[in-house]
Amino acid sequence: MLSALRGPFLSYTGNPFEVDDASCFHYESDGLILIDHGRILSAGAYDPAVLPAGVVPVHYPDHLIMPGFIDAHVHYPQMPMIGAHGRQLLEWLNHYVFETEQRYGDIDFARLVAKAFLRESLRAGVTTPITYCTVHPESVDAYFEEASKLGLRTGAGKVLMDRNAPAGLRDTAQTGYDQSKRLAARWHGQGRLFYAVTPRFAPTSTEAQLALAGTLRHEIDGLYLQTHLSENRAELAWVAELFPGCRDYLDVYDRFGLVGRRCLFGHAVHLSEREWARLAQAEATVVHCPTSNLFLGSGLFNLKRALVSANPVRTALGSDLGAGTSFSPLATLAEAYKIAQLRGDALSPHQAFYLATRGSAHAIDQAAHIGQIAPGQDADLVVLDPRATPLLAARQGFVDSLEALLFVLMTLGSDRVVRATYVAGHKRHDRDDAAGELT
């Protein structure tokens, strides 16, 4: 079925971390996007002559249409304790996270939270979240059930933890492997879903569990791997105690076949040059989670080393809820800008929005499907309203370029900026709908 959107649109054609900003994007001040069976058929300047008979475009004048945002590192089960006060990583896990996650053996509770999480993600313009579930298989089933109803392109996985966690959150090396394999067989490749093998982080898995995670990663074609890496200095010291034979934190994962393409490492704040080089060589991915790193006091991610270097590393953007404090990628970009400033580096508006769209799509190995407004891409789109609040409306009177508009959106914006969110061509969120949502 054919449909169309009309309005200004912006999409990245190149990498602004490697080339001049002006040469890396496609912008139409009055554009037309034709959609057929969930994919973009064409995208260019508005021309009524190219509209198929009977197709009336949904018109968004004075807005900005972009590819849907990607959140490559998030914990949907932590939504009930987002904004919990006053701890750093290890204390925060023990005091808040592990207590909350023990509830997800109840699939009805898991479904309730998964539905609320996906509603909030769509309100924020996120069309591809990649989420950790809990140790309970029910938490995975609940998430994928809700995601499949929406037609999302999304990944998730059962957390693996066989030590250093409460009894109610521990599996064993064998049960973790068996349950994960069954879940991957059930959900991976169903519609637009993909499965991620998910050891929480090295301290909560034995060597036996990490070895089986590596085995599973290679047993089913196209599986992802997601875990945490070098988030907090106390965590690094703990890893060194638990794995004394390893050269560094990344080497722990590497010894078990867990470093390669489609391996996503959240945070990567405190990496050695050896680790950066190995990540680049392996085509692995790091996920920058700025609001979380600031909230937990973990440190300042080195975005310049990641992306502006002789051997750049695939880098995606993540909210890391619930240590992260906002669903909105606009808020995440604002904090990424501030972290770069604190490091003495620059983050241009085009670099930021590239990172939230095509850059993250490339980093998570999904660029063939999402991240651009171009023929053949999935019609995952977000419509931004630059006048969504009185402050933004006033500020627009002093905006004189596309770059200025983008920078204002990422520094002053929130989920209110998201006028509508489309998933495979279907409108799944409308800010001004009477119910506030279409999901």
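These values consider heavy atoms only, across backbone and side chains, with no hydrogens, waters or symmetry-generated copies. Numbers here simply count residues along the sequence, with the first being 1.
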I would like to know whether L279 and L271 meet side chain to side chain contact (heavy atoms under 4.5 Å, CB included); could you show each step before the answer?
CA-CA 10 Å; L279 287 163; L271 295 182; 3.6 Å; yes
message: Run the ring pair (Phe, Tyr, Trp, His ring centres under 6.0 Å) test on H188 and Y224 for me, step by step, so that the C-alpha distance in whole Å, both residues' side-chain angles and the decisive distance to 0.1 Å come before the verdict.
response: CA-CA 10 Å; H188 185 65; Y224 282 67; 7.4 Å; no
Would you check, one step at a time, whether the test side chain to side chain contact (heavy atoms under 4.5 Å, CB included) holds for V399 with Q396?
CA-CA 5 Å; V399 166; Q396 289 310 302; 4.0 Å; yes
Practice task
Step by step, work out the side chain to side chain contact (heavy atoms under 4.5 Å, CB included) result for K158 and D171.
Solution key: CA-CA 11 Å; K158 171 194 134 59; D171 51 16; 2.8 Å; yes
Under the salt bridge (charged side-chain N to carboxylate O under 4.0 Å, His left out) criterion, do R278 and E275 qualify, and how do the steps go? CA-CA 5 Å; R278 173 60 184 142; E275 290 171 295; over 6 Å; no
field: Worked verdict on H26 versus F9 for side chain to side chain contact (heavy atoms under 4.5 Å, CB included)
entry: CA-CA 8 Å; H26 177 195; F9 75 75; 3.7 Å; yes
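Nearest heavy atoms, S180 versus L216: CB-CD2, 3.5 Å. Residue L333 comes nearest to A356 through the heavy atom pair CD1-CB, 4.2 Å, listed as atom of the first residue, atom of the second, then distance. The minimum heavy-atom distance between L236 and S230, with the atom names listed, is CD1-CA, 3.4 Å. The two residues H63 and P386 make their nearest non-hydrogen contact at CA-CD, 3.9 Å. Across every non-hydrogen atom of S292 and S319, the tightest pair is CB-O, 4.2 Å. Smallest separation of non-hydrogen atoms from L381 and I35: CD1-CD1, 4.2 Å.
Between M81 and V97 the shortest side-chain heavy-atom distance falls below 4.5 Å. The side-chain heavy atoms of Y104 and V159, taken from C-beta on, include no pair separated by under 4.5 Å. Side-chain contact between L250 and S272 is absent, with no heavy atoms from C-beta onward closer than 4.5 Å. Within the 4.5 Å cutoff, side-chain heavy atoms of C263 are placed close to those of R217. Residues L32 and S42 are not in side-chain contact: their nearest non-hydrogen atoms beyond the backbone lie 4.5 Å or more apart. At a threshold of 4.5 Å between non-hydrogen side-chain atoms, the residues I130 and L264 count as touching. The side-chain heavy atoms of E231 and L296, taken from C-beta on, include a pair separated by under 4.5 Å. At least one side-chain heavy atom of F17 sits less than 4.5 Å from a side-chain heavy atom of L303.
Summarising the geometry, atom CG belonging to N293 is positioned 8.5 Å from atom CZ belonging to F301; distances are rounded to the nearest 0.5 Å. Summarising the geometry, atom CG belonging to L229 is positioned 10.5 Å from atom NE2 belonging to H270; distances are rounded to the nearest 0.5 Å. In this structure, OG1 in T332 is found 9.0 Å from NE2 in H288, a value given to the nearest 0.5 Å. Taken to the nearest 0.5 Å, the CG atom of L294 stands 8.5 Å off from the NZ atom of K338. Taken to the nearest 0.5 Å, the OG atom of S414 stands 10.5 Å off from the CG atom of L409. Within the model, atoms NZ of K115 and CG of L150 stand 9.0 Å from one another, a figure rounded to the nearest 0.5 Å.
With hydrogens and angles ignored, the 3.5 Å screen pairs a side-chain donor or acceptor of Y96 with a backbone N or O of H85. With hydrogens and angles disregarded, a donor-acceptor distance shorter than 3.5 Å links the side chain of S360 to the backbone of L355. The backbone N or O of T128 lies less than 3.5 Å from no partner atom in the side chain of R153, so there is not a single donor-acceptor pair. Remark: the backbone N or O of H228 is paired with a side-chain donor or acceptor of Y253 at under 3.5 angstrom. Not a single donor-acceptor pair under 3.5 Å links the side chain of H136 to the backbone N or O of I107. At least one donor-acceptor pair under 3.5 Å links the side chain of T13 to the backbone N or O of C24. Side-chain atoms of T421 come within 3.5 Å of backbone N or O of L122 as a donor-acceptor pair. Not a single donor-acceptor pair under 3.5 Å links the side chain of Y337 to the backbone N or O of T411. Side chain of D385 to main chain of R419: no donor-acceptor pair is present (N/O by atom type, distance under 3.5 Å, no hydrogens or angles). With D378 contributing its side chain and D380 its backbone, the two residues share no donor-acceptor pair below 3.5 Å.
Side-chain contact of H350 with Y12: a donor-acceptor pair under 3.5 Å is present, judged by distance alone. Between the side chains of Q78 and Y132, no donor-acceptor pair is found at a separation under 3.5 Å. D320 and H267 form a side-chain donor-acceptor contact under 3.5 Å, judged by distance and modelled atom types alone. Looking at Y76 and S121, their side chains never bring a donor and an acceptor atom within 3.5 Å of each other.
F25 has its ring centre no less than 6.0 Å from the ring centre of F353.
Other residues, nucleotides and ligands contribute more than 12 heavy atoms inside 6.0 Å of the CZ atom of R186. Residue D20 places its CG atom among more than 12 non-hydrogen atoms of other residues, nucleotides or ligands, all under 6.0 Å distant. Crowding of R39 atom CZ: a count of heavy atoms from other residues, nucleotides or ligands under 6.0 Å not exceeding 12. No more than 12 heavy atoms of other residues, nucleotides or ligands lie within 6.0 Å of CD in E99, so this atom counts as exposed by the packing criterion.
For the pair E146 and R111, the salt-bridge criterion is not met [side-chain N within less than 4.0 Å of a carboxylate O].
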